[in-house]
Amino acid sequence: SRSEVLDSFFESKRLLKTKTLVQNIITIDFSPNLKFPSETYLPIKSASAPNFNSSLYLSHLTTSHLGQPLILVPTISSSMVPFTGPPIFHGFTLVPQQQLSGQGRGGNKWLSPPGC
């Protein structure tokens, strides 16, 4: 079930003690002691996004792992930044509402406006 996947994620060895994932470029922090976000620090708080319906998302999700857990962030330099480093968790998905310096195949760079 979805709650079992989330429980497994938060009880994993990498998160159990500090509630942080330290990757090569960025630290993703799920702890209650959040600081201001930066290029190298991404605080995650459990809150409803004003323009994202998590119930609708979960009702249409047909995968058993991909998209679980889903982390929605307002802005990030590139959605690939959190994935440079050790594997995070099978199914972990990060969706930015805006990317500032995304990079595609062949090194193509782009900016994505909010919501795209």
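What's counted below: heavy atoms across the whole structure, side chains too, no hydrogens, waters or symmetry copies.
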The ring-ring contact (aromatic ring centres under 6.0 Å, His included) partners of F9 (sequence neighbours excluded) come to F30, F89, F92

May I ask you to decide if G91's main-chain N or O and T93's side chain share a donor-acceptor pair within less than 3.5 Å?
-> yes

Side-chain contact test, heavy atoms from C-beta onward, threshold under 4.5 Å: evaluate it for I76 versus L42 and give yes or no.
-> yes

Compare all side-chain heavy atoms of F52 with those of S54 and state whether any distance is below 4.5 angstrom.
-> yes

Linked, directly or transitively: F83 and V81 (ILVMFWY side chains, under 4.5 Å) | yes

Could you go through residues 60-68 and list every donor-acceptor pair under 3.5 Å that involves a side-chain atom there, pairing it with any protein atom two or more places apart or in another chain?
| unit_1 | atom_1 | unit_2 | atom_2 | d |
| --- | --- | --- | --- | --- |
| H60 | ND1 | L56 | O | 3.0 |
| T63 | OG1 | L66 | O | 2.4 |
| Q68 | NE2 | T63 | O | 3.1 |

Could you walk me through whether Y57 and V95 pass side-chain contact (heavy atoms from CB on, under 4.5 Å), step by step?
-> CA-CA 12 Å; Y57 164 80; V95 176; over 6 Å; no

Indicate yes or no for a side-chain donor-acceptor contact from Q23 to the backbone of P86 under 3.5 Å, with no hydrogens or angles considered.
-> yes

Under the 3.5 angstrom rule, does the side chain of S78 hit a backbone N or O of M80 as a donor-acceptor pair?
-> yes

Same apolar cluster (I L V M F W Y, side chains within < 4.5 Å links), I28/L15 = yes

How far apart are the closest heavy atoms of L6 and P69, and which atoms are they?
-> CD2-CB, 3.4 Å

Cationic tip of K35 above Y41 ring, under 6.0 Å, 45° of axis = yes

Is I44 reachable from L34 through a run of I, L, V, M, F, W or Y residues, each pair having side-chain heavy atoms under 4.5 Å apart?
-> no

Any Q97 side-chain heavy atom under 4.5 Å of V73 side chain | no

Working for side-chain hydrogen bond (donor to acceptor under 3.5 Å, both in side chains), residues S31 and N33 = CA-CA 5 Å; S31 75; N33 306 318; 4.8 Å; no

Point-to-point distance, once rounded to the nearest 0.5 Å, from CG of N24 to OG1 of T40 = 12.5 Å

Short side-chain to backbone donor-acceptor contact, Q99 and S79, under 3.5 Å | yes

How many angstroms lie between atom CG of L21 and atom OG1 of T18, to the nearest 0.5 angstrom?
-> 8.0 Å

Is L94 linked to V5 within one hydrophobic cluster, defined over Ile, Leu, Val, Met, Phe, Trp and Tyr using a side-chain heavy-atom separation of less than 4.5 Å?
-> yes

Does any N or O in the side chain of R14 come within less than 3.5 Å of the main-chain N or O of P87, such that one atom is a donor and the other an acceptor?
-> yes

